2 protein chains.
Amino acid sequence: MTQIGLRDRKKVRTRRVIEDVALRLFAEQGFDATTIDQIVSEAEVSPRTFFRYFATKEDVVLADYSEQLDDILEDLSSRPFQETPWESMRAVFRTMASDPGRRSKMLPRAQMMANAPSVFARSLQLQAGWEIQLATALRARSGDKTDEISPALMAAAALGIMRAAIRRWSEQANDIDLPEFVDECFDRLNKGFGS
Amino acid sequence: MTQIGLRDRKKVRTRRVIEDVALRLFAEQGFDATTIDQIVSEAEVSPRTFFRYFATKEDVVLADYSEQLDDILEDLSSRPFQETPWESMRAVFRTMASDPGRRSKMLPRAQMMANAPSVFARSLQLQAGWEIQLATALRARSGDKTDEISPALMAAAALGIMRAAIRRWSEQANDIDLPEFVDECFDRLNKGFGS
DNA sequence: CAAGATTCTGACAGTGTATGTCAGTTGGCA
DNA sequence: TGCCAACTGACATACACTGTCAGAATCTTG
């Protein structure tokens with residue numbers, strides 16, 4: 001009567017092992033200095049198996065990045081409809097920045113991205129995908145169906161804010177309260193930069 | 001009395017040959033389907049030489065991307081000082097979008113980026129570098145020396161606008177006047193998205 | 001519970017990008 | 001003319017990633 005079969009349990013276990021070993025090695029010797037061979041030999045799987053779980057070496061670092069977008073979209077859809085799209089986004093991103101579990105993963109990841117250009121590049125690529133989906137979601141919420149470009153601008157601006165805020169925060173994490181800082185950035189951008 | 005030596009002339013010539021051959025092959029068979037071996041055998045140089053001129057295969061497509069930033073910074077520095085930073089940027093980017101020579105290169109490049117994810121990723125990486133430099137330049141122009149974050153937000157917003165605008169423009173180049181469209185986007189973002 | 005279908009895995013081979021090294025050549029320059 | 005520096009090609013190599021295929025493990029059905 002096992003709901004989840006042994007096969008699926010093994011899958012998540014293998015994935016976890018690879019992820020744990022890889023992240024540990026990355027932390028110990030750096031991302032670039034760590035090879036797939038090293039990871040798989042410590043994780044006791046074949047190189048081929050690694051790529052069945054992760055499309056690229058970079059994706060191990062950014063494993064939970066995709067889930068993050070799902071959370072954003074879900075939170076967004078549960079915001080009250082009378083709210084403006086911008087306000088909804090501000091609230092969603094503020095909430096996200098407040099989650100301690102999420103924040104604890106953010107710092108090491110930010111550090112890794114700063115030292116490994118390929119990881120940084122991959123994260124930008126993923127975020128570009130988010131931007132499109134986010135814009136689509138905003139467009140669906142918007143009252144003005146003829147305005148095609150504002151949602152795109154809002155999505156681009158929001159993600160740009162998050163990047164800038166997280167970068168600044170990761171450089172001096174002690175001095176800054178991330179949720180408030182994000183809030184302030186959203187506010188400042190919405191007030192414009194003078195005409 | 002040759003100002004520029006034969007050696008340097010050969011260098012630019014070699015670079016041009018590689019670039020021309022590569023871009024032609026990319027257009028003919030696609031970016032991913034073209035190998036370095038193909039390029040260098042047609043250009044009659046060794047594979048090693050290719051990488052002396054271009055760090056990555058992607059960089060051939062984005063060859064004049066770096067110059068673009070220099071132009072932006074230069075144009076920015078020659079704007080009148082009484083202008084707000086945002087206004088200056090709007091003018092600079094509008095001017096850039098008006099240059100027909102630049103625009104003619106933009107369309108095929110946008111197409112290439114749409115079909116070759118690695119080229120797109122590389123362009124995002126380069127733009128991230130721009131963002132930092134642009135923010136620094138804006139900070140230098142700003143009157144308020146205590147405000148560290150606004151320049152970063154402005155830079156992120158401006159580049160985000162350009163990406164969104166160019167994407168939209170490249171999808172339907174005939175229907176949109178790019179300079180005006182860019183202008184409108186800058187305007188709309190600066191007016192905020194409602195409180 | 002046995003047998004077949006399905007899925008996961010490892011082993012092997014191969015492609016393509018990118019880098020290190022080093023000797024040979026070529027252009028700059030006194 | 002001859003020395004110095006830069007450019008180049010010819011190796012050799014590392015590493016990420018993909019295709020294939022047979023065998024093992026798990027699930028499923030009679």
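Values below: all heavy atoms of this structure, side chains included; hydrogens, waters and symmetry mates excluded. Please read all numbers here as calculations on a predicted model, not as lab measurements. Quick note on labels: first sequence line is chain A, next is B, and so on, each numbered from 1.
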So, the side chain of B/Arg103 versus the backbone of B/Ala97: is there a donor-acceptor pair under 3.5 Å, distance only?
-> yes

Taking only side-chain nitrogens and oxygens of A/Ser46, does any of them come within less than 4.0 Å of OP1 or OP2 of C/dT9?
-> no

How would you list, by chain and number, every residue that makes a side-chain contact (heavy atoms from CB on, under 4.5 Å) with A/Lys11, sequence neighbours excluded?
-> A/Asp8, A/Tyr53

Does CD belonging to A/Gln172 count more than 12 external heavy atoms closer than 6.0 Å?
-> yes

Return the set of residues passing ring-ring contact (aromatic ring centres under 6.0 Å, His included) with B/Phe186 (not counting sequence neighbours), or none when no residue passes.
-> B/Trp86, B/Phe93

At what angle, to 10 degrees, do the two end axes of the helix from C/dC1-D/dG30 to C/dA30-D/dT1 meet, given five pairs define each axis?
-> 10°

Check side chain to side chain donor-acceptor pair (under 3.5 Å) between B/Arg168 and all other residues, then give those that pass, not counting sequence neighbours.
-> none

By ring-ring contact (aromatic ring centres under 6.0 Å, His included), A/Phe120 pairs with (sequence neighbours left out) none

Has A/Gln29 got more than 12 heavy atoms of other residues, nucleotides or ligands less than 6.0 Å from its CD?
-> yes

For B/Ser46, check side-chain contact (heavy atoms from CB on, under 4.5 Å) against everything at least two apart and list the hits.
-> B/Arg48, B/Thr49

What one-letter contact string describes nucleotides 22-30 of chain C from 5' to 3', where B marks a base within less than 4.0 Å of any protein heavy atom, S marks contact via sugar-phosphate atoms alone, and - marks no contact?
-> ----BBS--

Boundaries of the chain A footprint along DNA chain D (any atom under 4.0 Å from a heavy atom) | D/dC15 to D/dC27

With heavy atoms under 4.0 Å as the rule, sort A/Tyr53 into base, sugar-phosphate or nothing.
-> sugar-phosphate

Show which side-chain atoms of residues 146-157 of chain B pair as donor or acceptor with protein atoms under 3.5 Å away, not counting sequence neighbours.
from: B/Thr146; atom 1: OG1; to: B/Asp144; atom 2: OD1; distance (Å): 2.6
from: B/Asp147; atom 1: OD1; to: A/Arg188; atom 2: NH1; distance (Å): 2.7
from: B/Asp147; atom 1: OD1; to: B/Ile149; atom 2: N; distance (Å): 3.3
from: B/Asp147; atom 1: OD1; to: B/Ser150; atom 2: N; distance (Å): 3.2
from: B/Asp147; atom 1: OD1; to: B/Ser150; atom 2: OG; distance (Å): 3.4
from: B/Asp147; atom 1: OD2; to: A/Arg188; atom 2: NH1; distance (Å): 3.1
from: B/Asp147; atom 1: OD2; to: B/Ser150; atom 2: OG; distance (Å): 2.6
from: B/Ser150; atom 1: OG; to: A/Arg188; atom 2: NH1; distance (Å): 3.1

Rounded to the Å, how far apart are A/Lys11 NZ and C/dT6 P?
-> 16 Å

Between the protein and nucleotides 17-19 of chain C, are there any N/O to N/O pairs under 3.5 Å, and if so, what are the atom names and distances?
from: C/dT17; atom 1: OP1; to: B/Lys57; atom 2: NZ; distance (Å): 3.0
from: C/dT17; atom 1: OP2; to: B/Ile36; atom 2: N; distance (Å): 3.1
from: C/dA18; atom 1: OP2; to: B/Lys57; atom 2: N; distance (Å): 3.0

Using the side-chain contact (heavy atoms from CB on, under 4.5 Å) rule, take B/Leu178 and B/Val182 through it: C-alpha gap first, then chi angles, then the decisive distance, then the call.
-> CA-CA 6 Å; B/Leu178 188 59; B/Val182 168; 4.1 Å; yes

Any idea which heavy atoms bring B/Leu23 and B/Val61 closest together, and the distance?
-> CD2-CA, 4.2 Å

Residue list, side-chain contact (heavy atoms from CB on, under 4.5 Å) with B/Thr35, at least two apart or on another chain = B/Asp37, B/Gln38

Name all residues meeting the side-chain contact (heavy atoms from CB on, under 4.5 Å) criterion together with B/Gln125; count only those two or more places apart in sequence or in a different chain, and write none if there are none.
-> A/Pro117, A/Ala121, B/Arg122

